[in-house]
Chemist: 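Before I ask anything, let me first share the structure, which is written out below as structure tokens.
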Amino acid sequence: MTDPHFDRAIDRSQMQVFDEVAIQISAMNKWYGTFHVLRDINLTVNRGERIVIAGPSGSGKSTLIRCINRLEEHQSGKIVVDGTELTSDLKNIDKVRSEVGMVFQHFNLFPHLTILENLTLAPIWVRKVPKREAEETAMYYLEKVKIPEQALKYPGQLSGGQQQRVAIARSLCMKPRIMLFDEPTSALDPEMIKEVLDTMIELAEEGMTMLCVTHEMGFAQAVANRVIFMDQGQIVEQNNPHDFFNNPQSDRTKLFLSQILGH
Amino acid sequence: MTDPHFDRAIDRSQMQVFDEVAIQISAMNKWYGTFHVLRDINLTVNRGERIVIAGPSGSGKSTLIRCINRLEEHQSGKIVVDGTELTSDLKNIDKVRSEVGMVFQHFNLFPHLTILENLTLAPIWVRKVPKREAEETAMYYLEKVKIPEQALKYPGQLSGGQQQRVAIARSLCMKPRIMLFDEPTSALDPEMIKEVLDTMIELAEEGMTMLCVTHEMGFAQAVANRVIFMDQGQIVEQNNPHDFFNNPQSDRTKLFLSQILGH
Amino acid sequence: MVTVSDAPEPGFRLSQLIYDTRYRSLTIQVVVFMLFVASTAWLVDNTVRNLSAMGKDFNFGFLWNRAGYDIGQMLIPYSNDSTHARAMLVGLLNTLLVSALGCIAATIIGVFVGVLRLSKNWLVGRLMTVYVEVFRNVPLLLWILIVYAIFTEVMPAPNAYRIDPATGEAAMSALLFDSIAPTNRYTAIPSIRFDRPLGSLDLGWITLSGTFLGFVAAVAAGVWANSVVRRRAVAVQNATGVRPTTWWKSVLLLTVPAVVVLVATGFHLNLPTLKGFNFTGGTNVSNSLVVLWLALTLYTGAFIAEIVRAGILAVSRGQTEAAYALGLRPGRTMSLVILPQALRVIVPPLISQFLNLTKNSSLAIAVGYMDLRGTLGGITLNQTGRELEAILLMMLIYLAISLIISGLMNIYNNSVKLKER
Amino acid sequence: GTLDDVKARGELNCGVNTGLVGFAAPDANGNWTGFDVAICKAVAAAVLGDASKVKYVPTTGQTRFTALASGEVDVLARNSTWTYSRDTDLKLDFVGVNYYDGQGFMVRKDLGVSSAKELEGATVCIQTGTTTELNLADFFKANNMSYQPIAIDTNAEGEQQYLAGACDAYTTDISGLAATRAAFADPENHIILPEVVSKEPLGPAVRHGDNQWGDIVMWTLNALVAAEEYGVTSANIDELSKGTENPEINRLLGTEGDLGAMVGLDKDWAKRAIKAGGNYGEIFAATIGEQTPIGLARGLNAQWTQGGLLYAPPFR
Amino acid sequence: MTESSAAFVRRDMLPPQAPPATQAGVLKWLRENLFSSPLNAVLTLAGAYVVWWLVAHSYPWLSHSVWNAGSLSECRAIIAERWGADATGACWAVIKERWHQYIFGFYPPELYWRPISVFLLLFVALAPVLFSAVPRVLLVFTVVYPFLATWLLWGGSPWIEVMILVGFVLGWAAFRIASRYGSLLAVSVALAVPALWWVFAAGPMDRALEQAIRLAIEKVASDKFGGFLLAVTIGVGGIAMSLPLGILLALGRRSDMFLIKALSVGFIEFIRGVPLITLLFVASLLLNYFLPPGTNFDIILRVEILVTLFAAAYIAEVVRGGLAALPRGQYEAADSLGLDYWKAQRLIILPQALKISIPGIVSTFIGMFKDTTLVVFVGLFDPLKGISDFVRADFNWKGIYWEPYIFVGCIFFLFNFSMSRYSMYLENKLKRDHR
Ligand SMILES: Nc1ncnc2c1ncn2[C@@H]1O[C@H](COP(=O)(O)OP(=O)(O)OP(=O)(O)O)[C@@H](O)[C@H]1O
Ligand SMILES: Nc1ncnc2c1ncn2[C@@H]1O[C@H](COP(=O)(O)OP(=O)(O)OP(=O)(O)O)[C@@H](O)[C@H]1O
Ligand SMILES: [Mg+2]
Ligand SMILES: [Mg+2]
């Protein structure tokens, strides 16, 4: 069950000092029309925690994560991100969004802008950072994701793995305190998955608060503090990775694990 | 080199009684304009044989298979299918086509018809089967490919794997004596490949004559009587799967095998 | 762990109107609505003041006054004693007539050309491309003028059909057994006469001829009977698998009832004959109609050809191959697989071409065809000086036609939409 | 009022025909000339002192009255018939008549028709948006005849249709027919039938309600007519304006009294108007008279002293 | 097992061979392209007959062309003299004599350089929009171009145009400054500042500058515009002005705010539901009713307004298509980065959507360019009927119509055909660019 990809697994013992709440979700419900997608979600994420969310397709993982930066609106319950409650107040929403970075399955880079422009756009227009400074930050993060030489290319000229790393760098340029990942590797070819996961592991090592929807169980085992299993819009099980994989409690989880680890 | 998917590999020893010729291709050549795609193809397929055709992209695999039911015209040589020679005689072509089923890479279901209508269309209009009877046959084959409950849906509402299984069922409804498959799984997501391959294995177990272009080497090992390797429009090597994979003769084959089995 | 305590629920603040997503859109809409109302009021106020400055009012009463002018081409009885409203109706019917004829002919031409453009025949393919490009890239008005010029310049005057007493011969003779005589002012065609007409039905506004109703009823009965036969054929096919041949039954059912009615009412054609200046006896279809119809047809046909071509190309090759691989013949493949799919792609843009054609028929002004714009928006407007009323009414009528057609199209679109996940 | 607008603008907006040879048509360089155009020039000369300060607004039969009513043009000098309903219902004021016309028919000689009463069943081309189509309907109705109207948009098209034989007869004002016929390659093969089926007094029109402006246009026209009556021509006007024994001429040319002030103009207004293109007779002769290709005789449009209808009220 | 299933290895590869004779050569081409089946053979013969018929009927006329003559009758005399009394021929002399009026209308000939340079500069202004290789700084010229073109075409003092441009610049500056304090404020300030400038400051400034620095060039009144100059002015002006309006309408139509959506849909459907000609009549007959008493402006300007509204409705539909083609992910990415609606539209959505829409905009332009011929019905001198009727009002050229029509038709065809090819090329390029 160990995976050679993740030999740099983080030594968790050294970092278990989570004393500040980053995200607090309580009794949250969400409906699409009459369809109840998220049911009574309660979840507290502490600063520096790395959480992996797993679950079958359609179980509401993406929806949950998108509620956290209000790409979707929840209908009842409460979501507090970094001390700011998400209501319909635009100012709060803006504040939360500039604190929370998000990486999508399909990268969603802006194809008409160069990589550098992709990275500096939000800092310049939202954070009002001078252009020069924004570019310096951008180059710093590009080096971090190991593709500084691509700065002046357009997204279409990059491979999928490179694009996803740019997407991560783009989020980082806003200096977010929390990062959300929605299946960041599932649109990638197998060779490229590793380079993206490596980047994410590096981030994790630096203590970034992360919520990550993924099916890469190797990654979960290597970096997560906690694995959350969702089904039918509910959190069915949560546990530390070791117990989650080796000793799942609910039947639903067992079935799921047997499916995804089976092949 | 064994694959857990194909644990139901067919016991070949019991079925090696191929005494009737199903397809006979001799000295066949084909050109696209001045481009010589198929060169001097000689191939005899016996009834009940299961042949896998492999080879690099552009080597003419699809063209060869499409010549067998005259979706492409050959310019010299002879193709005899089930005792009927393929010439420009329309009656012969109709006869061959109703004997030979074909499954395409992109399913090619008719999107404006329900699954059931897709399955009954050809039996009703070509075989002149009463509708009731055609529908019964259709349901039989739908059960066989394990999706009888989708009968009244439209192709657009099904997943790729389900669509490909419908496509197989559609061919089977014409009760063909020979089935041609042109990369039936290459447009599918990994989870769906297995369900389609399972269906094909089941068919093979029943003794259907099959010609299958595929890159699924596990499938080839599990069910093929013979693997044919093509390159540059020619048959470069043919052998039984065991020898083909473990003891390839030509350099071209070795190179190819190292590439596709390598990763 | 730090718990976040509930912040006290603040009361309503004014800034929420802008910063709260719940109120923000409402605020914006209210502002926009007020701007809209204000500008509408401004326009209306200007209009009222301008009207009163000119001593005019806004009043549709003029529609009931005597029109006083004649119209060359009409579908319902009209004379210069009729009202402006009736003149408008004549114009509207003329608009609909030329549009309907144009849509039918343009569709036929478009389908032919579109299919021929796809043919492997090099020469025909090129010819059709030339036709499409030439017609699409030159203004419609030019085509109308050119066709008009061809008709006035190239066609003979009615006089040319007159038998010259000196030689005993005419310069021109009519086509098709003396039945059709194209001239430079109209095309004389036979008119339809009945020896034993069936009376008529007076609806006040329009009078429907009983013969016509009888004919329509007979045709409808034939169509209905034909559909019964076809349904039966389908039932037989479902039961036995073999479809009985029905085409000869269809032909009979579709023709016999109509013929019977025609014979019973003593139908015959009245050939046009030259008398005085002009042909009489037959029907003279004015060239303005023919010219407008031809030009609209050829112009729109070029656009429809492209639509048809694109529609057929939109059905992927794989569909044909799959059908062939199942043993379907090319004809059946076309009717069972390709056409049903291509139609979905073709029909919506086709309808919008129909709309364009209808709107373009307002270019009738160039050939003096008395359509809606020529009557209501032309002579009536000019004789009564009621430009505000006339133009608004005319725009509303055109708008209503458009909305009705596109409404029908939406119904069609929804009914054939491909089911997706 | 309009006068102030025109003065402020420094330009007279004059509505004219889009192209009727002799009455109003641009020449190869785009300069407008013709009988109606001369009225515009005279008014501009009277009001602005410069006959070239005119903006010609080509109007079709459809747009002409709206152009006037909406203020797009200050005066409409476009062979328009003075009728009761136009003067009242359409809120226009016709200020006089510059050409007495009547509607007639033109046919080919070889048609063998010598009277309009023989046009039973004929196809007739008419320009839409004019009084002609009403007159035509009335005429055929009165004579209990049938006809087939072919509506055309402009005179140019009417000609084309008629020449191509698309209609047996072309009907419009006789002046227009004459102008059209004059331009034919074979004018001798076409005749204008003797019947005059209507009275068509053509004259300039202004908006209803601005009487000062109406007076200016009316008296400019009268000045041109009076000038002919008194023998004032563009050749001798400078001479005469030094003073003559005829007090009427003196008043007209501003040598005596100040008639101009009564309409808000200066003394020399009429002098300038006459100088712009000559008196009525000179204008007529230069644009549509017998010496021109159009070749219209004075006929009704002669001075009252010559047996015509032109009769300018006295200037006093 | 039969021998066929025995192992087989090919050691030497077969070289490609030439195809059999039936697969290549002229004969094959003829057989495949012209006579592949009886039906095809019939079609070929029918097509050949049509070509022959067209050539046979037009060739004599075209071959008897006269280029030098002073009038139609002179032309006819020359033709009769050269090719016999019955010969018919084309009299291109009319084009030779009047071509400048077809192109420029009544624009003063000594000033032709002005429209010509406006036309050439148009391509300079378009270059940065159409070709990404062109340096971005040229975009400044694109912005200035409309004002420059207006000034060059109509002449007079340039200060009015400059003042209007300054208004836009002020609005933009105000927007930049105010956007620090919230986007809604920024939008209102950006609208208010230029409005105030135009109403109160622009007029006096204009007069003052005109006194100080005289730059006026000769004025050319609108009624001198005609021919293709008029068509291009109306067409290009209409498209350029309708773009912003069309974009707003497209955004409105996609808005979730009911009222805004309803108003946009209502406007678009109304305009698209009525013929252009009725809108032109509105321009010439009704617009004055709707504006405050006493307002009165140029018919070209009024036509331009209605044409702009007309084009805006069509452009809106084109842009809507472009917006719909953008994946949802682009909106979500913009949202998640904290960009607000207008910033997201301006920086992310519109640049992409407009690029996709360029082929559609070009097609709309072609349609509008063709439709400019309709202005003849409100008394303007369009190249097709307006100028031709005017030429025919000349005694010398009475009765000539084929030649002008053919001339004008050819110019229209060349213009539109090249533009439609260009938009097809763009469409293909876009298809390739999208992966
Ligand atoms: N906009 C929407 N409107 C209505 N239903 C939606 C919408 N988006 C998602 N759903 C439904 O909500 C459910 C949860 O969707 P969600 O995308 O959160 O699942 P998921 O766990 O992320 O699945 P996957 O692994 O396939 O991404 C699904 O049943 C989906 O069909
Ligand atoms: N219609 C055609 N016209 C011309 N050349 C063609 C045509 N179809 C295929 N070819 C060419 O013929 C060659 C063989 O094509 P074919 O599709 O049979 O290859 P393949 O072995 O099936 O490859 P792949 O694995 O990519 O499907 C290729 O070089 C291809 O480009
Ligand atoms: Mg998801
Ligand atoms: Mg292939």
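Below, chain A is the first sequence line, B the second, and so on; all start at residue 1.
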Chemist: Should the heavy atoms of other residues, nucleotides or ligands under 6.0 Å from CH2 of A/W31 be counted, would the total exceed 12?
Modeler: yes

Chemist: Which bit of A/L109 is near chain E, if near means a heavy-atom gap under 4.5 Å: side chain, backbone, both or neither?
Modeler: backbone

Chemist: Rounded to the nearest 0.5 Å, how far does CG of A/N108 lie from CG of E/D335?
Modeler: 11.0 Å

Chemist: Do you know which of A/S171, A/S98, A/P111 has the most heavy-atom pairs under 4.5 Å to chain E?
Modeler: A/P111

Chemist: Side chain of E/E332, backbone of A/R66: donor and acceptor closer than 3.5 Å?
Modeler: no

Chemist: With heavy-atom distances below 4.5 Å as the criterion, would you say the side chains of A/R97 and E/L337 are in contact?
Modeler: no

Chemist: Pick from A/M174, A/K95, A/R170: which one has the most heavy-atom pairs with chain E under 4.5 Å?
Modeler: A/R170

Chemist: Name the region of A/V100, side chain, backbone, both or neither, that has any atom closer than 4.5 Å to a heavy atom of chain E.
Modeler: backbone

Chemist: What closest approach, in Å, do E/K343 and A/W125 show between heavy atoms, and which atom pair accounts for it?
Modeler: NZ-O, 3.3 Å

Chemist: Mind checking whether E/S336 and A/F104 have side chains closer than 4.5 Å, heavy atoms only?
Modeler: yes

Chemist: Counting only heavy atoms not in A/K131, do more than 12 sit closer than 6.0 Å to its NZ atom?
Modeler: no

Chemist: Mind checking whether E/L347 and A/L121 have side chains closer than 4.5 Å, heavy atoms only?
Modeler: yes

